[in-house]
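First the structure, then my questions, so here it is.
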Amino acid sequence: MPQVRVPLRRRERIADQTMAFFFEKPKGWPFIPGQTIDVTLIDPPESDFEGDTRTFSIASAPHEPEIMVATRMRGSAFKRVLATMAIGSPVLMDEPIGSFVLNTDAGRPAVLLAGGIGVTPFRSIVLDAASRGGGPPIWLFYANHRVRDAAFLEEFGAAADGARGAFELVPTMTHLDADSSWRGETGRIDLGMIRRHVPRGASPIYYIAGPSPMVASLHDTLVAAGIPKPDVRVEEFAGYA
Ligand SMILES: Cc1cc2nc3c(=O)[nH]c(=O)nc-3n(C[C@H](O)[C@H](O)[C@H](O)COP(=O)(O)OP(=O)(O)OC[C@H]3O[C@@H](n4cnc5c(N)ncnc54)[C@H](O)[C@@H]3O)c2cc1C
């Protein structure tokens, strides 16, 4: 399917410097949770050297009524335009692509490892699995600096509460304020943290998404620990330092 024109329906602040954008869902436009789209601005009032197109993971699940993407707002012309354009204005969307999707055939558990806004494909994957039910167990390790940076945290918590063990959420904070009342995991996701939550012998497939340095370092850690390379899938959010 070629590019489609879709209007922006609404936008919402979902965490510190983080917004979700909801677009009309094109008709006959299937996607698999974990896939990405290119969004292109049409005649934007400003532009910068990165141009008018960005790649985003689809954060909404296929059963939801809109296409949602979520992003950190750090001041590029593209994002300024997205944050201020009139509701109802169209953007161009390329058809969903990508192979960063759950390997459901194997029936093996999934360990999802997210750095910050790298959690977007996992929202789609987790909500889709919850709506279908009966799939293999999923663990989501979700690292953020502080609680206020963690998009979708409550939604994931609710999914875990309703999943009766089929989905476990392990949020971790890496830069807590001194007066924080956080009682969960702290520090970066590492092997020790994964082993505290995922039973030995579970034989999961690992999926890592986030900024490139985080993805590369976790990938190398897992492979060095003896996880076969084909069992470690990655999605690098190129464009984030
Ligand atoms: C397969 C794929 C999937 C992607 N999915 C998503 C997604 O779902 N959501 C998403 O937000 N992005 C996603 N990205 C990245 C996205 O395409 C943009 O590159 C990214 O959001 C940066 O956007 P921007 O260039 O508009 O810069 P902005 O985010 O506006 O940043 C402005 C400037 O700040 C710099 N900057 C980068 N990191 C930091 C930092 N940690 N702190 C402060 N400043 C920083 C940037 O280099 C940039 O120059 C994906 C990329 C790929 C390849």
Side-chain angles (χ1 to χ4, degrees), residues 3 6 8 11-23 25 31-42 44-62 64 66-85 91-102 112-128 140 142-146 148-153 155-156 173-175 188-189 207-219 232-241:
Q3 272 187 332
V6 290
L8 176 68
R11 58 188 156 228
E12 217 176 88
R13 184 183 177 281
I14 54 168
D16 207 24
Q17 283 193 291
T18 309
M19 291 190 73
F21 297 89
F22 298 81
F23 298 93
K25 197 180 201 169
F31 69 93
I32 306 170
Q35 287 193 307
T36 65
I37 45 171
D38 277 0
V39 174
T40 301
L41 303 172
I42 301 169
E46 58 168 329
S47 248
D48 57 29
F49 68 97
E50 294 279 357
D52 298 332
T53 301
R54 294 290 185 282
T55 302
F56 294 109
S57 301
I58 304 174
S60 47
E64 295 186 290
E66 295 159 305
I67 295 292
M68 187 247 285
V69 301
T71 189
R72 298 288 198 222
M73 306 302 285
R74 284 176 175 144
S76 64
F78 179 96
K79 292 184 182 176
R80 267 199 302 277
V81 172
L82 209 53
T84 53
M85 64 195 265
V91 298
L92 294 174
M93 238 178 229
D94 284 70
E95 64 180 329
I97 56 164
S99 54
F100 188 69
V101 301
L102 274 196
L112 315 178
L113 307 171
I117 198 62
V119 80
T120 46
F122 298 147
R123 181 187 179 278
S124 184
I125 286 171
V126 166
L127 267 63
D128 181 60
L140 171 61
Y142 182 20
N144 278 276
H145 284 189
R146 302 169 190 83
R148 64 175 180 269
D149 301 310
F152 313 124
L153 196 55
E155 222 173 352
F156 286 129
M173 302 300 152
T174 57
H175 295 67
R188 292 177 172 201
I189 301 166
Y207 302 82
I208 315 170
S212 303
M214 174 261 177
V215 169
S217 106
L218 262 178
H219 173 272
V232 185
R233 319 277 167 91
V234 301
E235 186 81 302
E236 289 188 26
F237 280 21
Y240 280 119

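Note: hydrogens, waters and symmetry copies are ignored here, and every other heavy atom, side chains too, is used. In each ligand, atom 1 is the first atom listed, and ligand 1 is the first ligand listed.
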Measure from the side-chain N and O atoms of Lys79 to the backbone N and O of Arg72, and report whether any donor-acceptor pair falls under 3.5 Å.
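It does hold such a pair.
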
Should you measure from each heavy atom of Ala70, which atoms of ligand 1 turn up under 4.0 Å away?
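Selected atoms, number and element: 7 (C), 8 (O), 9 (N), 10 (C), 11 (O).
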
Under 4.0 Å, counting heavy atoms only: does Val69 come that close to any atom of ligand 1?
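Distance cut 4.0 Å: Val69 fails for ligand 1.
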
With a 4.0 Å cut-off on heavy atoms, is Met73 touching ligand 1?
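No, Met73 has no heavy atoms under 4.0 Å from ligand 1.
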
Would you check if Pro62 and Asp128 make a side-chain contact, meaning some heavy-atom pair closer than 4.5 Å?
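The answer is yes; the side chains approach within 4.5 Å.
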
Give the single entry among His145, Arg74, Arg80 that approaches atom 33 (C) of ligand 1 most closely by any heavy atom.
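Nearest option to atom 33 (C) of ligand 1, by heavy atoms: Arg74.
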
I'd like to know if the side chain of Thr174 and the backbone of Asn144 have a donor-acceptor N/O pair within less than 3.5 Å.
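Between the backbone of Asn144 and the side chain of Thr174 there is a qualifying donor-acceptor contact (under 3.5 Å).
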
Report yes if some N/O of Phe237 lies less than 3.5 Å from some N/O of ligand 1; otherwise report no.
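In fact, backbone or side chain, Phe237 has no N or O that close.
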
Are Lys25 and Ser60 close enough that some pair of their side-chain heavy atoms sits under 4.5 Å apart?
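Answer no - side chains too far apart.
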
Any N/O pair Ser76/ligand 1 closer than 3.5 Å
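Between Ser76 and ligand 1 (N or O atoms, distance only) the closest approach is under 3.5 Å.
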
Should the heavy atoms of other residues, nucleotides or ligands under 6.0 Å from CZ of Arg11 be counted, would the total exceed 12?
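Yes - once you tally the heavy atoms of other residues, nucleotides and ligands closer than 6.0 Å, there are more than 12.
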
Any donor and acceptor pair, going by atom type alone, linking the side chain of Tyr142 with main-chain N or O of Ala151 inside 3.5 Å?
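Here the side-chain-to-backbone pair exists.
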
Do the side chain of Arg123 and the main chain of Ala59 share a donor and acceptor less than 3.5 angstrom apart?
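Yes, because the side chain of Arg123 sits within donor-acceptor range (under 3.5 Å) of the backbone of Ala59.
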
Under-4.0 Å heavy-atom contact with ligand 1, by part of Lys79 that carries it
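Looking at Lys79 and ligand 1, just side chain atoms fall under 4.0 Å.
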
Check Pro211 against ligand 1 and report side chain, backbone, both or neither, counting heavy atoms closer than 4.0 Å.
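Neither part.
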
Just heavy atoms, cut-off under 4.0 Å: does Thr71 contact ligand 1 by side chain, backbone, both, or neither?
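Both of them.
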
Parallel, tilted or perpendicular for Phe56 and Phe78, by the 30°/60° rule?
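It falls in the tilted class, 30° to 60°.
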
Based purely on interatomic distance, does Ser57 place a nitrogen or oxygen under 3.5 Å from a nitrogen or oxygen of ligand 1?
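Yes, there is a polar N/O contact under 3.5 Å.
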
Give the numbers and elements of all ligand 1 atoms closer than 4.0 Å to a heavy atom of Arg72.
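Within the 4.0 Å cut-off of Arg72, ligand 1 contributes 11 (O), 29 (O).
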
Counting each atom of ligand 1 from 1 as listed, which ones have a heavy atom of Glu236 under 4.0 Å away?
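What qualifies from ligand 1 is 2 (C), 52 (C), 53 (C).
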
Those atoms of ligand 1 less than 4.0 Å from some heavy atom in Thr120
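Result: 7 (C), 8 (O).
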
Does the N or O separation between Thr36 and ligand 1 drop below 3.5 Å for any pair?
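Between Thr36 and ligand 1, no N or O pair is found under 3.5 Å apart.
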
May I ask you to list the atoms of ligand 1 that are less than 4.0 angstrom from any heavy atom of Glu235?
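Result: 1 (C).
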
Do any N or O atoms from the side chain of Thr84 and from the backbone of Arg80 form a donor-acceptor pair under 3.5 angstrom?
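Side chain of Thr84 to backbone of Arg80: a pair is present.
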
Glu155 and Leu127: which non-hydrogen atoms are nearest, and at how many Å?
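Closest heavy-atom pair between Glu155 and Leu127: OE2-CD2, 3.9 Å.
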
